[in-house]
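Taking it in order: structure first as structure tokens, then the write-up.
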Amino acid sequence: MMIQREKLLKGLSVIKKYTGLLFDAVYISLFTVLLVYSFLNNTQFQIPWMEWLQKDDFRSFLIEHVLFHPEQLLLVVLICRYLFSCTYQIKEYLITAFICFCLFYAYSKSGGDIEAALIFLLLLLGARGLQFRKLIGWGTVCMEIMFAVTVIASQTGYVENLVYRMNGRNVRVAFGFFYPTIFAAQLFFLILNIWYLIGERWNLFLSMISLMAAVFVYVGSEARFTTACFILLSVILGVRGWKIWSAGKRGQCYQMGDRLARVLAVFPILCAFGIHIISIGYRSSVGWMKACNQLVSNRLSLAKKAIQVYGFRLWGNSIPMVGYGGSTERQERYFYLDSSYMQLSLIAGMVIFGIVLCLLMAAGYRAKAKKEWTLLWILAFAGMHAVFEEHLLNLSICLYMFAAVSELGRKCRK
């Protein structure tokens with residue numbers, strides 16, 4: 001009787017193992033499909049999604065429930081990955097269930113305005129137990145291929161290459177993307193991905209690449225904030241390259257100072273509170289505030305107006321936004337919140353905003369605990385970039401919030 005029971009338990013264990021592997025494969029497939037779809041939505045490729053959706057066949061069913069509204073499928077995959085995992089932590093499961101409840105409740109209250117954030121965060125929670133490095137590596141390969149295809153297609157006439165001519169600005173080229181700042185952000189995070197994947201051995205080389213990218217982005221697209229991020233990245237890479245070389249000459253492995261590591265771990269949180277404080281306190285009558293507002297293309301005054309009109313709510317607001325993306329025609333009623341943090345707090349609501357901040361903090365402290373110094377710097381850059389850009393929860397651009405739940409770890413190289 002005992003032997004039969006042991007065989008039964010062993011058989012159940014094998015079934016559980018392979019079921020878990022099956023849902024791992026399903027998750028990676030969903031991750032890839034949604035990443036490609038998100039990337040294509042940022043480009044000028046004209047794909048007839050809606051025409052395919054009108055047909056009553058299996059393809060339209062897949063498009064509807066995998067691309068347009070994958071929330072239920074993602075939730076099922078998330079639950080199954082948790083159930084068939086090798087470890088069970090009640091506290092972790094309760095936190096995940098609470099986050100999912102808040103996400104779907106906010107989604108129902110917003111009327112679908114936060115669907116992109118819902119999909120991103122469900123996909124993020126479903127990455128529990130996966131290797132973060134492998135996830136970034138696979139995502140980078142997909143993005144590099146699509147980025148190269150998009151840029152080449154825009155320069156050879158296969159896809160529309162939007163060129164913006166604005167008063168007081170240089171000619172801004174989108175290189176096949178929806179808007180010039182999207183092209184610049186895509187390139188910036190691709191270089192961050194490469195930095196994370198190859199480690200610290202090529203810091204000085206990447207510093208030069210980053211500096212050249214800054215010149216190219218400014219001359220081609222005049223994405224001023226991303227250009228500044230590129231220049232700062234070049235400086236940081238150069239300094240770190242010198243410090244790591246010096247430590248290697250002494251036969252040591254470079255270790256970041258504890259104070260700096262603590263600051264970097266919470267830097268995205270500081271950025272989020274900083275942009276909120278400045279936006280709330282913005283006054284056009286104050287000279288330096290007015291100058292900063294002009295430097296960042298009126299982002300501060302637009303955020304201030306949104307705060308005055310809509311205000312902060314627990315479950316967000318429905319805010320109609322009109323931008324320049326996808327068309328070179330001038331928008332007379334332009335109103336757009338570029339900051340990821342302002343979009344989250346005003347549109348998604350303070351509850352979802354708080355959840356995102358907690359995930360950012362978790363990613364930072366996990367990177368610090370694992371001594372992933374490169375990841376710690378990259379999270380700080382991602383948090384800084386989100387102050388004036390909207391790509392923090394864009395699956396095809398920034399994947400670094402996935403560090404909050406996936407497995408970290410890398411051996412120190414001398």
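Both backbone and side-chain heavy atoms feed into the values below; hydrogens, waters and symmetry mates do not.
At distances below 3.5 Å, not a single donor-acceptor pair connects side-chain atoms of Ser154 with backbone N or O atoms of Asn161. Put simply, the side chain of Arg172 never gets that close to the backbone of Pro180: no donor and acceptor are under 3.5 Å apart. The main-chain N or O of Ile280 is found under 3.5 Å from a side-chain atom of Lys304 such that the two form a donor-acceptor pair. Between the side chain of Asp338 and the main chain of Glu389, no donor-acceptor pair closer than 3.5 Å is present. Under the 3.5 Å distance criterion, the side-chain polar atoms of Ser234 are matched with a main-chain donor or acceptor of Ser207.
Defined by atom type and a distance below 3.5 Å, a donor-acceptor pair is missing between the side-chain atoms of Glu407 and Gln131. For the residue pair Thr32 and Trp138, a side-chain donor N or O sits within less than 3.5 Å of a side-chain acceptor on the partner. The closest side-chain donor-acceptor pair between Tyr164 and Glu222, if any, does not fall under 3.5 angstrom. A donor and an acceptor atom, one from each side chain of Arg299 and Ser279, are nowhere located under 3.5 Å apart. Tyr179 and Asn42 form no side-chain donor-acceptor contact under 3.5 Å, judged by distance and modelled atom types alone. Between Ser345 and His276, the side chains place a donor N or O and an acceptor N or O closer than 3.5 Å (distance only, hydrogens not considered). In the model, Ser396 has a side-chain atom that pairs as donor or acceptor with a side-chain atom of Ser38 under 3.5 Å. Between Trp195 and Asn203, the side chains place a donor N or O and an acceptor N or O closer than 3.5 Å (distance only, hydrogens not considered).
In this structure, Tyr107 and Phe104 have perpendicular ring planes: the angle between them is above 60°, well past the 30° mark. Taking the six-membered ring where the residue is Trp, Phe205 and Trp202 present perpendicular rings, their angle passing 60° and hence far from 30°. Note on ring orientation: taking the six-membered ring where Trp is involved, the planes of Tyr341 and Phe353 are perpendicular (angle over 60°, cut-offs 30° and 60°).
In this structure, Phe183 and Ala174 approach most closely via the heavy-atom pair CB-O, 3.6 Å. Taking every heavy atom of both residues into account, Ala367 and Leu375 meet most closely at CB-CD2, 3.8 Å. The heavy-atom pair separating Leu124 from Met401 by the smallest distance is CD1-O, 3.4 Å. A pairwise comparison of heavy atoms in Leu392 and Ala386 identifies CB-CB, 4.0 Å as the closest pair. Scanning both residues, Ala272 and Leu357, for their nearest heavy atoms gives CB-CD2, 3.7 Å. Leu78 and Cys100 make their closest contact through CD1-SG, 4.4 Å (heavy atoms, listed as atom of the first residue, atom of the second, distance).
Checked against a 6.0 Å centroid threshold, the rings of Phe177 and Phe147 count as neighbours. Taking the centre of each ring, Phe189 and His391 stay at or above the 6.0 Å mark. Phe175 has its ring centre less than 6.0 Å from the ring centre of Phe216. Taking the six-membered ring wherever Trp is involved, the centroid distance between the rings of Phe402 and Phe120 falls below 6.0 Å. Taking the six-membered ring for Trp and the full ring otherwise, Tyr93 and Tyr82 have centroids separated by under 6.0 Å.
A heavy-atom distance below 4.5 Å is not found between the side chains of Leu162 and Val173. Contact of the Thr181 side chain with the Thr226 side chain is not registered, since no non-hydrogen atoms from C-beta on lie closer than 4.5 Å. Between Phe388 and Ile275, the closest side-chain pair of non-hydrogen atoms falls below 4.5 Å. No side-chain heavy atom of Lys371 sits less than 4.5 Å from a side-chain heavy atom of Leu376. Counting only heavy atoms from C-beta outward, the side chains of Trp315 and Val351 approach each other to under 4.5 Å. Residues Ile236 and Phe381 are in side-chain contact: their nearest non-hydrogen atoms beyond the backbone lie under 4.5 Å apart.
Atoms CG and CZ, on Leu103 and Phe101 in that order, are 11.0 Å from each other to the nearest 0.5 Å. Atom CG of residue Asn298 and atom OH of residue Tyr336 lie 16.0 Å apart, to the nearest 0.5 angstrom. Between the OG1 atom of Thr140 and the CZ atom of Arg133 there is a distance of 10.0 Å, given to the nearest 0.5 Å. Interatomic distance, CE of Met146 versus CG of Leu35, reported as 5.0 Å (0.5 Å rounding). With rounding to the nearest 0.5 angstrom, the CG atom of Leu399 is 11.5 Å from the CG atom of Leu192.
At most 12 non-hydrogen atoms from other residues, nucleotides or ligands lie less than 6.0 angstrom from CZ of Phe273. The number of heavy-atom neighbours closer than 6.0 Å to CZ of Phe335, taken from other residues, nucleotides and ligands shown, is above 12.
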CA sep, side-chain torsions, deciding dist, call: Arg128, Glu92, salt bridge (charged side-chain N to carboxylate O under 4.0 Å, His left out) = CA-CA 10 Å; Arg128 174 182 177 270; Glu92 185 179 350; 2.6 Å; yes
request  = Any chance you could lay out the side-chain contact (heavy atoms from CB on, under 4.5 Å) test for Thr150 and Gln186, step after step, and finish with the verdict?
outcome  = CA-CA 11 Å; Thr150 302; Gln186 193 75 61; over 6 Å; no
